[in-house]
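The block underneath contains the structure these notes are about, expressed in structure tokens.
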Amino acid sequence: MKYCKKCDMISIKPRYDIKAKIPFNPNIILQKGIIMHQTSTEKKQSGYLHQNFRLFHLKDKKNQEFEFHYHNFNKIIIFLSGRVTYLVEGKAYHLKPWDILLINHHDIHKPVIDSGTAYERVVIWLQQDFIESQRDYACDLSRCFTTADEKRFNLIRLNHTLQTEIQTILHQLESSLASQEFGHEVLSQTYFLQLMVYLNRVFVPETYHIHEAAPPYDKQIAEILSYINLHLTENLSNETLAERFYVSKYYLMHKFKKHTGYTLHSYIQQKRLLQAADMIKSGTPVLKASSLCGFSDYSTFLRAFRKFYGTSPRDFILSSTDGYKSPAVQ
């Protein structure tokens, strides 16, 4: 059993695994307040996801602070109880029971938890490739994550009727994942896809009014984050950004670190490296990927890549079929 501070988790057997064959007793976990983390084999490290999706139902009461982190998979957080604020890419979401957060892969985030009350939630990790494989001409289940990214808004706040419907689907999904009856894996996947359909029906249409649940945030920082992510191939020096947003360089650096937990340089470099890793995984030559992701000097890219991922791009390609580790936040 190994504690992973950056992910707010302890590595033990997961609660539910669509490929698992052994039933799990949730009462033991909930009574001890243990947080679960995937450990498929001894060689699999935290931050990997090797199944189509994983579901964890967690409840704990701890006095801890957690670091900003990110994953190479998408994440759904269904908040059930407690007092928690979730920070996602510069925005602070003060959660209410049955609020749902959509966390895109590579989104920087962390929870701020009031340890005075128990924190209960359902967390679902899902592979983007799996969701995209379910797409047809009329139905794109990944659209809710795309919409969250486009709107820079991650929160779904359900009305009472929708809460009841989501509760029903979630109960069916958890029961099926815990079952060993004939066809339980197929049924689990069906319930999961049904959940994704409902999330898209709620969040994607223009009729969903985000202003009703919009969290307080710094508009300028949101604009800077959006600009950075849309212009990773361009010059994003402190001086250039300060000039573009009409602030002093030192004020910008201080304000950015205060709201995101990152220095400007670290945030930009890590976003570029994450983008480069995705391109390399999809078959783009390493030299071309480094250039397309804003690295003007190849040797600088190699040094940054080795430091960030702990391996060379070549070895990264060889191991990419087994997934890759979300690097520790600097």
Side-chain angles (χ1 to χ4, degrees), residues 6 45 47-49 67-75 88-90 103-109 127-129 131-132 142 145-146 148-152 154 221-245 249 252-253 256-257 259-330:
K6 77 181 182 73
Q45 301 180 49
Y48 290 100
L49 178 60
E67 299 175 358
F68 283 99
H69 62 282
Y70 41 83
H71 310 284
N72 67 328
F73 48 83
N74 293 338
K75 181 163 69 171
V88 185
E89 291 284 344
I103 310 294
N104 275 284
H105 72 295
H106 300 172
D107 273 356
I108 294 170
H109 60 281
Q127 288 284 17
Q128 180 69 11
D129 291 346
I131 295 299
E132 291 180 350
S142 67
F145 286 99
T146 306
D149 187 54
E150 291 172 350
K151 295 181 177 180
R152 312 302 296 177
N154 305 79
I221 291 297
E223 291 174 352
I224 293 170
L225 287 167
S226 179
Y227 182 84
I228 289 172
N229 282 279
L230 291 173
H231 299 85
L232 288 173
T233 62
E234 302 175 14
N235 179 9
L236 295 174
S237 67
N238 294 340
E239 293 79 7
T240 300
L241 289 172
E243 181 178 349
R244 180 174 183 82
F245 289 95
K249 178 179 71 173
L252 174 62
M253 294 165 62
F256 191 89
K257 178 67 181 294
H259 285 272
T260 68
Y262 274 72
T263 65
L264 263 172
H265 173 76
S266 179
Y267 180 85
I268 293 168
Q269 185 177 78
Q270 291 186 24
K271 286 289 183 173
R272 284 173 168 167
L273 289 168
L274 289 165
Q275 185 180 71
D278 282 347
M279 296 179 70
I280 292 170
K281 281 179 61 184
S282 65
T284 303
V286 176
L287 180 60
K288 184 177 181 180
S290 68
S291 177
L292 290 175
C293 293
F295 289 90
S296 57
D297 181 71
Y298 185 61
S299 61
T300 299
F301 167 75
L302 288 178
R303 286 195 299 271
F305 195 97
R306 285 180 177 274
K307 182 178 180 180
F308 192 57
Y309 288 103
T311 187
S312 68
R314 180 178 180 178
D315 290 338
F316 179 87
I317 294 171
L318 295 174
S319 64
S320 64
T321 55
D322 292 326
Y324 67 88
K325 180 177 180 290
S326 298
V329 174
Q330 303 299 311

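Source: prediction; values computed, not measured.
A distance of 9.0 Å separates CZ of F301 from CG of L287, quoted to the nearest 0.5 Å. Going from atom CG of N229 over to atom CD1 of I224 covers 12.0 Å, rounded to the nearest 0.5 Å. Separation of atoms OG (S226) and CG (D149) is listed at 8.5 Å; rounding is to 0.5 Å. In this structure, CD in E243 is found 12.5 Å from NZ in K249, a value given to the nearest 0.5 Å. Distance check, rounded to the nearest 0.5 Å: CG of L236 to NZ of K271 gives 13.0 Å. Taken from CE in M279 to CG in L292, the straight-line distance is 4.0 Å, to the nearest 0.5 Å.
The shortest non-hydrogen separation linking L302 to P313 is CD2-CG, 3.7 Å. Of all non-hydrogen atoms in N104 and A148, the two that sit nearest each other are ND2-CB, 4.0 Å. Residues H106 and E89 approach most closely at O-OE2, 3.7 Å, considering heavy atoms. A pairwise comparison of heavy atoms in F295 and L273 identifies CZ-CD2, 3.9 Å as the closest pair. For R272 against L232, the heavy-atom pair with the smallest separation is NE-O, 2.7 Å. In plain terms, the two heavy atoms of T284 and A289 that are nearest each other are CG2-N, 3.8 Å.
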- Trace of the side-chain contact (heavy atoms from CB on, under 4.5 Å) decision for E234 with T240: CA-CA 10 Å; E234 302 175 14; T240 300; over 6 Å; no

- Task: Take H109 and H71 through the test side-chain contact (heavy atoms from CB on, under 4.5 Å) and record every step on the way to the result.
- Result: CA-CA 10 Å; H109 60 281; H71 310 284; 3.6 Å; yes

- How far apart are the C-alpha atoms of L241 and L252, what are their side-chain angles, what is the distance that settles it, and do they pass the side-chain contact (heavy atoms from CB on, under 4.5 Å) test? CA-CA 8 Å; L241 289 172; L252 174 62; 3.7 Å; yes

- Message: side-chain contact (heavy atoms from CB on, under 4.5 Å), that's the test. Do I280 and F305 meet it? Break it down for me.
- Response: CA-CA 12 Å; I280 292 170; F305 195 97; 4.1 Å; yes

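Formation of a donor-acceptor pair under 3.5 Å by the T146 side chain with backbone atoms of S142 is found in this model. In terms of modelled atom types and a separation under 3.5 Å, the side chain of S291 and the main chain of K288 share no donor-acceptor contact.
By the 4.5 Å heavy-atom criterion applied to side chains, K257 and M253 are not counted as neighbours. Considering only heavy atoms from C-beta on, Y267 comes within 4.5 Å of I108 through its side chain.
Under the 3.5 Å distance criterion, with hydrogens and angles disregarded, a donor-acceptor pair is assigned to the side chains of S266 and Q270.
In this structure, F316 and Y309 have tilted ring planes: the angle between them lies in the 30° to 60° band.
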